Student: 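Below: one structure in structure tokens.
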Amino acid sequence: MSEPLPPEPYGDAALTEDDGPQRVSQDPAAVYVSETEEADDDVDS
Amino acid sequence: MTSTRDRMLSACRKHIGYQERPDGWTRFGQWYADRHGNQAFARAPWCAAGLSYVAATLGLGKVVGEFAYTPSWAAWFRDNGRWHQSPKAGDLVFFDWQGTKNIPAIDHVGIVEAVLRDGRVVTIEFNTANACMRRVRSRATIAGFGRPAYPDVPVKPSKPKPVNPTEVAVKKLPTLKRGDKGWHVKTLTYLLMARDFAIDVEAIDDTTFTAYHEQGVKGIQAAAGIKTDGVVGPQTWAALLRVA
């Protein structure tokens with residue numbers, strides 16, 4: 001069976017108020033480092 | 001030292017700013033269309049195809065996955081025990097704009113670049129507002145996270161081999177044989193003497209490769225365990241200089 005095409009809508013950024021202001025650089029050279037790296041084992045299977 | 005996860009993120013960053021054409025065509029969709037024999041993907045929503053493309057170009061296709069249909073991708077992570085609710089950098093983040101945690105309802109995917117202290121995640125997303133962009137996302141619309149089994153083996157940037165100046169010098173020395181003349185023969189003469197091969201420099205021209213030189217060279221070659229042809233090439237020069 002062939003893979004279905006991705007669902008629409010996709011072109012919408014779908015940002016919400018919860019997301020907050022998008023104060024993130026769109027510079028490809030900019031790098032963000034994770035501030036939390038806790039291990040997580042909460043697998044939903 | 002760069003890990004495979006960091007390589008994946010770094011490769012995604014390079015596409016920030018990419019925009020789809022007005023007709024919806026993208027290079028990522030075209031790549032997916034060609035690989036899967038369905039040209040409809042060339043102008044299809046490309047959030048998943050973009051990430052799949054990056055993973056494939058890094059040889060991480062089997063680790064990260066290769067999908068265009070986001071619910072299938074999330075289900076693949078779930079079925080492999082790699083579906084999580086707490087994010088880590090490098091995870092794929094799956095969105096459902098309706099806010100459910102239902103995998104079949106997933107609309108969109110990105111990759112987690114960073115996790116902020118307040119729980120929001122910084123993402124890189126292909127096909128957000130028809131472009132590849134960096135976003136900040138709350139958990140409200142996040143259905144879950146797929147955690148690729150990035151190989152533990154770090155990828156070290158290749159270091160140039162240290163240069164051995166003696167090896168470089170040996171490579172520049174000419175091949176000498178009987179009858180050759182010049183100051184390199186003189187160097188050979190005195191190297192043979194230094195290796196206890198008796199040459200009466202008063203009786204011969206030390207700048208001409210003679211039968212005496214040839215005899216001495218064969219002796220050095222025999223001692224070094226290399227071909228005893230009496231011709232001084234790179235191996236024999238190395239033996240004479242005791243760098244081999």
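All heavy atoms count here, side chains included; hydrogens, waters and symmetry mates do not. If you're wondering where the values come from, they're calculated on a predicted model, not measured in any experiment. Letters A, B, ... are given to chains in the order of the sequence lines, protein chains preceding strands, and every chain is numbered from 1.
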Student: Is it true that B/T100 and B/D96 share a donor-acceptor pair across their side chains at a distance under 3.5 Å?
Tutor: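 Yes, side-chain donor-acceptor contact under 3.5 Å.
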
Student: For the candidates A/V31, A/L5, A/D19, A/V24, which exhibits the highest count of non-hydrogen atom pairs separated by less than 4.5 Å from chain B?
Tutor: A/D19

Student: Is a side-chain donor-acceptor pair under 3.5 Å present for B/D107 with B/Q98?
Tutor: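 Not at all, the side chains of B/Q98 and B/D107 share no donor-acceptor pair under 3.5 Å.
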
Student: Determine, step by step, whether B/D23 and B/R43 satisfy the salt bridge (Lys or Arg N to Asp or Glu O under 4.0 Å) criterion, reporting the C-alpha distance in whole Å, the side-chain angles of both residues, the deciding distance to 0.1 Å, and the verdict.
Tutor: CA-CA 7 Å; B/D23 64 355; B/R43 290 172 175 77; 3.1 Å; yes

Student: Once side chain to side chain contact (heavy atoms under 4.5 Å, CB included) is applied, do any residues pair with B/Q19, and if so which ones, sequence neighbours excluded?
Tutor: B/A131

Student: Is it the backbone or the side chain of B/R135 that comes under 4.5 Å from a heavy atom of chain A, or both, or neither?
Tutor: both

Student: What part of B/V136 lies closer than 4.5 angstrom to a heavy atom of chain A: side chain, backbone, both or neither?
Tutor: both

Student: Where on B/Y32 is there a heavy atom nearer than 4.5 Å to chain A: the side chain, the backbone, both, or neither?
Tutor: side chain

Student: For A/A30, which atoms come within 4.5 Å of any heavy atom of chain B: side chain, backbone, both, or neither?
Tutor: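 Both parts, backbone and side chain.
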
Student: Can you list the residues that meet the side chain to side chain contact (heavy atoms under 4.5 Å, CB included) rule with B/A74, with sequence neighbours excluded?
Tutor: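 Applying side chain to side chain contact (heavy atoms under 4.5 Å, CB included) to B/A74 gives B/W83, B/F94, B/I103, B/I106.
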
